[in-house]
Amino acid sequence: MADLSEILEIYSPFTLTEAVNLIKIDEPFVLTSRLGKNIYRAYDEVCVFEVEEGSYNLAPIGYPNDPPSEINISHKRRHYAVTPPQIFLKDRITASEINQVRMAAQNPINMTVQDKSTAFDSRIAIKQLGLKRMIERRTEWLFGQALNGKIDYKNSDGREFVHDYNFPNSTIGSFAAADYWDKAGNPLHQLRQLAKTFRSLNNQLAPDLIIMGSKAGDAFMNNEHIEAWLKSPGVQLFQSQNPLARGEAQPLGILEGAEVFEYSSTYDDDAGKTKTYIKDNYVYLTNSTLWRLFYGAINDFSAGNPPLVAREFFSKMVYSPDGKALDIYVESHPLPVIVSNLAVVKAQVC
């Protein structure tokens, strides 16, 4: 009978890491897919970045052979050195699981290394897919928290991660209750005004993404001012061609160059309570060029010497303490980062 150790030798941590990075998650994660397009892998566990506060400044000009004097713009930039939250998950592969997926009517005693390797591959795929899906959902949650200006997490064991994006009050729009979308408000006009606010704060950079919570999306769709807009050819084309047109990320259309989505996706928290990724009665305007998805490097002796790997995901397998099973691990250190603290304009709309 082939021993598991023979199979385990085939799968180095980097082989497993390559495999888990090839897995494509088929879930409508509009936040990560739209705001996490620019990915940076840090070479240390700490991610170092700067956030612009206030308007961009023009560089000084000098004459030939007389360069401009150096200026201090530190008062317009804030330096951050943040250790991202560390996600470290494991799932177990047992010998009995491998035997369960063997060829029909085959005696496990007669299984060859190739037979077991084939069964083992299928178990790896199932385990890695499940672990990566959980990490991707947590990354989506991080973006949802970032849209609201602060990541503040504490689990039942007291493990905590807090990062404040320091959004100023100028990024919060306001409407009178009588002008909410489920009353007399005109969403198209109000979104144009919010977009103007965004441009004025960001040196005329326009928003390219508008995200509505579930209640805001319902109020938008039911508003009498929206009916004609929804029937326009451009809106229909966007809805039919968008790959996120399924699940809980509903594309609504394009408004003055910005993609518009209703996003009602939910998750279950540590206490089993269902919650939404973003506030369901708010609308958010942002520009994806102001966002980054940083990954902190992972320290692990399985990666070699030095034990440091700059990857989005790192996967490995080790024997369980009792020697009767294998634990497969997937680790990731993701952190949404903005380059300006004026990156989001939001407003309560219903």
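The basis for the numbers below is simple: all heavy atoms, side chains too, and nothing from hydrogens, waters or symmetry mates.
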Item to check | Ala228 backbone acceptor or donor facing Ser232 side chain under 3.5 Å | outcome: no
Checklist outcome for this item: In this structure, CG of Leu252 is separated from CD of Glu262 (nearest 0.5 Å) by 6.0 Å
Next on the checklist: How about CZ on Arg192, more than 12 heavy atoms from neighbouring residues, nucleotides or ligands closer than 6.0 Å, or not?
Outcome noted: no
Checklist entry - Is there a path from Ile135 to Ile126 through hydrophobic residues (I, L, V, M, F, W, Y) whose side chains come within less than 4.5 Å of each other? => result no
Checklist entry - Do side-chain atoms of Ser332 reach the backbone of Glu312 as a donor and acceptor pair under 3.5 angstrom? => result yes
Item to check | Sidechain-backbone polar pair: Asp152 side chain, Val162 backbone, donor-acceptor under 3.5 Å | outcome: no
Checklist outcome for this item: When every non-hydrogen atom of Tyr153 is compared with those of Arg138, the smallest separation belongs to CE1-NH2, 3.7 Å
Next on the checklist: Distance alone, cut at 3.5 Å: any donor-acceptor contact between the side chains of Thr83 and Glu45?
Outcome noted: no
Item to check | Atom of Val51, atom of Asn341 and distance for their closest heavy-atom approach | outcome: CG1-N, 3.5 Å
Item to check | Verify same cluster id: Val330, Ile39 (apolar side-chain graph, 4.5 Å) | outcome: yes
Next on the checklist: Quick test of your reading of the model: are Lys24 and Glu136 salt-bridged, counting only N-O distances below 4.0 Å?
Outcome noted: no
Checklist outcome for this item: Checking Asp327, Asp121, Asp91 against Lys127 for salt bridge (Lys or Arg N to Asp or Glu O under 4.0 Å), the one that qualifies is Asp91
Checklist entry - Donor-acceptor pair, Glu160 side chain versus Lys154 backbone, under 3.5 Å? => result no
Item to check | Within-4.5 Å side-chain heavy-atom neighbours: Asn148 and Lys279 | outcome: yes
Next on the checklist: Is the ring pair Tyr267/Trp141 parallel, tilted or perpendicular, if the boundaries are 30 and 60 degrees?
Outcome noted: perpendicular
Checklist entry - Under a 4.5 Å side-chain heavy-atom rule over Ile, Leu, Val, Met, Phe, Trp and Tyr, are Met317 and Ile87 clustered together? => result yes
Checklist entry - What distance do Leu285 atom CG and Arg199 atom CZ have between them, rounded to the nearest 0.5 Å? => result 10.0 Å
Checklist entry - For the hydrophobic clusters of this structure (ILVMFWY residues joined by side-chain heavy atoms under 4.5 Å, transitively), does one cluster hold both Phe294 and Tyr43? => result no
Checklist entry - Does the side-chain contact (heavy atoms from CB on, under 4.5 Å) test come out yes or no for Leu142 and Leu335, once each step is laid out? => result CA-CA 7 Å; Leu142 289 170; Leu335 178 68; 5.8 Å; no
Next on the checklist: Within a 6.0 Å radius of atom CG on Asp322, are there more than 12 heavy atoms belonging to other residues, nucleotides or ligands?
Outcome noted: yes
Checklist entry - Do Val30 and Tyr277 have side chains that get closer than 4.5 Å, going by heavy atoms? => result no
Checklist entry - So, do Thr289 and Leu205 sit near enough that their side-chain heavy atoms are less than 4.5 Å apart? => result yes
Checklist entry - Got a donor-acceptor contact below 3.5 angstrom from the Thr17 side chain to the Ser315 backbone? => result yes
Item to check | Heavy-atom side-chain contact between Leu191 and Val283 under 4.5 Å | outcome: yes
Next on the checklist: Please check: side-chain N/O of Glu256 versus main-chain N/O of Ala195, any donor-acceptor pairing under 3.5 Å?
Outcome noted: no
Checklist outcome for this item: Taking every heavy atom of Pro84 against every heavy atom of Cys47, the minimum-distance pair comes out as CG-SG, 3.4 Å
Next on the checklist: Looking at every heavy atom in both Ser302 and Asp300, which two are closest together, and how far apart are they?
Outcome noted: N-OD1, 2.8 Å
Checklist entry - Can you tell me how far the CG atom of Leu131 sits from the CZ atom of Phe313, to the nearest 0.5 Å? => result 10.5 Å
Next on the checklist: With a 3.5 Å distance limit and no angle check, can you tell me whether Lys132 reaches the backbone of Val20 through a side-chain donor-acceptor pair?
Outcome noted: yes
Item to check | Within-4.5 Å side-chain heavy-atom neighbours: Lys215 and Asp182 | outcome: no
Checklist outcome for this item: Pro336 and Trp291 have their tightest heavy-atom pair at CB-CZ3, 4.4 Å
Checklist entry - Under the 3.5 angstrom rule, does the side chain of Gln128 hit a backbone N or O of Leu16 as a donor-acceptor pair? => result yes
Checklist entry - Mind checking what makes side chain to side chain donor-acceptor pair (under 3.5 Å) contact with Ser214, not counting sequence neighbours? => result none
Item to check | Distance in Å, Ile278 CD1 paired with Met212 CE, rounded so as to fall on 0.5 Å steps | outcome: 10.0 Å
Checklist entry - In terms of side-chain geometry, is the basic nitrogen of Lys316 or Glu331 positioned less than 4.0 Å from the acidic oxygen of its partner? => result no
Next on the checklist: For Phe261, does the six-membered ring have the charged nitrogen or CZ of Arg34 within the cation-pi criterion, i.e. under 6.0 angstrom from the centroid and within 45° of the normal?
Outcome noted: no
Next on the checklist: To check you understand the geometry: which heavy-atom pair defines the closest contact between Phe14 and Val309, and what is its length?
Outcome noted: CE2-CG2, 3.9 Å
Next on the checklist: Show, in sequence, the C-alpha distance, side-chain angles and deciding distance for Phe314 and His333, and conclude whether the side-chain contact (heavy atoms from CB on, under 4.5 Å) test is met.
Outcome noted: CA-CA 10 Å; Phe314 183 67; His333 301 180; over 6 Å; no
Item to check | Aromatic ring pairing Phe49/His163, orientation class (parallel under 30°, perpendicular over 60°, tilted between) | outcome: perpendicular
Next on the checklist: Please report the interatomic distance OH(Tyr40) to CG(Leu293), rounded to the nearest 0.5 Å.
Outcome noted: 11.0 Å
Next on the checklist: Hydrophobic cluster membership, with links at side-chain heavy-atom distances under 4.5 Å among I/L/V/M/F/W/Y: are Tyr295 and Ile298 in one?
Outcome noted: no
Checklist entry - Are Ile338 and Phe167 close enough, and set up right, to give a side-chain contact (heavy atoms from CB on, under 4.5 Å), and what steps lead you there? => result CA-CA 11 Å; Ile338 53 170; Phe167 291 165; 3.4 Å; yes
Checklist entry - Got Lys150 and Asp164 here, is their nearest side-chain heavy-atom distance under 4.5 Å? => result yes
Checklist entry - Taking side chain as C-beta onward, heavy atoms only, is Arg133 less than 4.5 Å from Arg137? => result yes
Next on the checklist: Just checking Phe175 against Tyr180, ring centres under 6.0 Å apart?
Outcome noted: no
Item to check | side-chain contact (heavy atoms from CB on, under 4.5 Å) between Asp179 and Gln190, intermediate numbers included | outcome: CA-CA 9 Å; Asp179 291 326; Gln190 292 169 336; 3.6 Å; yes
Item to check | Rounded distance [0.5 Å steps], CD1 in Ile210 versus CG in Leu255 | outcome: 5.0 Å
Item to check | Donor-acceptor contact below 3.5 Å, side chain Tyr263 vs main chain Gly217 | outcome: no
Checklist entry - Backbone N or O of Leu31 within a donor-acceptor pair of the Glu140 side chain at under 3.5 Å? => result yes
Next on the checklist: Do Leu290 and Asn202 have side chains that approach each other closer than 4.5 Å (heavy atoms only, starting at C-beta)?
Outcome noted: yes
